Amino acid sequence: MSEAVPFPPRRVFALVAAVVILAASTTLANRVLPGWAYPVCGLVAAFVLVALGRAAGCSWTDLGLGRLRRPALVGVAGAASVAVVFGIALAVPSLRTVYQDGRVGDPDLGQLLWLTCGRILFGTVLIEEVAFRGVLPGLFGATDERWRWPPILCSAALFGLWHALPALAIGRNAAVHAVFGSTPVVVLEVLAMAAAGVAGIFLHWWRHLGRGVLASVIVHFTTNAGGLTLAVLVR
């Protein structure tokens, strides 16, 4: 009997294709497409990645899409924890600087709803969680039964690289500018990507705890949408 091949050709092909799709997606979203198309690009890329994972032999559970109830409950618990942190930051004046971000602008209520429930939910959270906590870990061999560092670290490293273009504007955050004001942009970008990689591990922990991507989706959305809302409140 021949030994099973850990990474059969179709899975290797799927990994390469997924990276190419993600590179094209982030380039289109951040440099080419108009603002209204940002969530559309993320939604389409997410569907393509799921189809790619399934074609490579991953089950719905491998992709983190096989359960709903437990991931939802764990995600809500995580969102509550994030909300407490935001509440503390809003209540303590010295912590508000962290959320003073020049990229926010001055959106009205309608624009804020579009940014949070349109751009953030579909253009950022959905594609990132499906890709980096679902499809890529599944292709690398992650499972919900036990924590496996190699596939999680590989996915987190790619998650850091995914933030290369958005990281170019990191210096416009007031707290970052206060601490790293004279630091070269390239160094700031590397630090931002490294921080994103660490965040990727944290988000995968929520996916692992909830046994599904929906848990990390809820935590990620609460973090990003709550952070934007807080930045608008303290601007």
Side-chain angles (χ1 to χ4, degrees), residues 15-33 35 38 41-42 45-46 49 82 85-86 89 94-105 115 119-120 123-137 139-140 142 147-208 216-217 219-228 230-231 234:
L15 279 168
V16 174
V19 171
V20 171
I21 290 168
L22 286 167
S25 175
T26 190
T27 302
L28 287 172
N30 289 284
R31 290 292 184 268
V32 179
L33 296 175
Y38 183 80
C41 180
L49 288 172
V82 172
V85 173
F86 283 149
S94 61
L95 296 178
R96 294 177 186 173
T97 307
V98 176
Y99 297 95
Q100 292 176 353
D101 197 323
R103 297 170 292 179
V104 172
L115 290 172
R119 286 182 61 90
I120 287 178
T124 300
V125 173
L126 184 66
I127 176 60
E128 290 183 353
E129 293 311 307
V130 166
F132 299 102
R133 259 65 68 186
V135 175
L136 287 176
L139 291 173
F140 279 124
W147 183 274
R148 296 188 62 223
W149 278 109
I152 293 168
L153 289 176
C154 287
S155 300
L158 290 172
F159 186 56
L161 290 173
W162 164 265
H163 285 80
L165 292 179
L168 291 173
I170 191 66
R172 295 172 65 184
N173 177 276
V176 172
H177 182 74
V179 177
F180 302 101
S182 60
T183 304
V185 174
V186 174
V187 176
L188 278 180
E189 186 176 13
V190 171
L191 291 174
M193 288 190 293
V198 174
I201 297 173
F202 171 78
L203 286 167
H204 193 95
W205 182 82
W206 284 104
R207 176 254 156 105
H208 182 76
S216 56
V217 164
V219 173
H220 193 165
F221 174 73
T222 305
T223 302
N224 283 29
L228 174 61
L230 193 57
V234 303

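For this chain, numbers begin at 1 and follow the sequence in order. The analysis underlying the following values was restricted to heavy atoms, covering all of them including side chains, and did not include hydrogens, waters or symmetry mates. No experiment lies behind these values; they were computed from the predicted model shown.
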(Q) Within the 4.5 Å heavy-atom criterion, are H204 and W147 side-chain neighbours or not? (A) yes
Q: Would you indicate whether the side-chain heavy atoms of I201 and W149 approach each other to under 4.5 Å?
A: yes
**Q.** Minimum heavy-atom distance between E129 and S216, given as atom pair plus value
**A.** OE1-OG, 2.7 Å
(Q) Main chain of R207, side chain of R133: is a donor-acceptor contact present, judged purely on distance under 3.5 Å? (A) no
Donor-acceptor pairs under 3.5 angstrom involving side-chain atoms of residues 155-162: please list them, not counting sequence neighbours.
from: S155; atom 1: OG; to: P151; atom 2: O; distance (Å): 2.9
from: W162; atom 1: NE1; to: E128; atom 2: OE2; distance (Å): 2.7

Q: Could you check L49, V16, T26 and say which one makes a side-chain contact (heavy atoms from CB on, under 4.5 Å) with I21?
A: L49
**Q.** Qualifying residues under side chain to side chain donor-acceptor pair (under 3.5 Å), relative to T222, sequence neighbours excluded
**A.** none
Q) Taking all non-hydrogen atoms of both residues, which atom of A131 and which atom of P137 are closest, and how far apart? A) O-CD, 3.7 Å
**Q.** I120 CD1 to F221 CZ distance, which is reported to the nearest 0.5 Å
**A.** 7.0 Å
Q) What distance do E189 atom CD and L165 atom CG have between them, rounded to the nearest 0.5 Å? A) 7.5 Å
**Q.** Check against side-chain contact (heavy atoms from CB on, under 4.5 Å), I127 and L22
**A.** CA-CA 9 Å; I127 176 60; L22 286 167; 4.1 Å; yes
Q: For Y38 and T124, run side-chain contact (heavy atoms from CB on, under 4.5 Å): C-alpha distance rounded to whole Å, both residues' side-chain angles, the deciding distance at 0.1 Å, then the answer.
A: CA-CA 9 Å; Y38 183 80; T124 300; 3.1 Å; yes
**Q.** W206 and F202 aromatic ring geometry - parallel, tilted or perpendicular at 30°/60° bounds
**A.** perpendicular
Q. How many angstroms lie between OG1 in T223 and CG in L228, if you round to the nearest 0.5 Å?
A. 12.5 Å
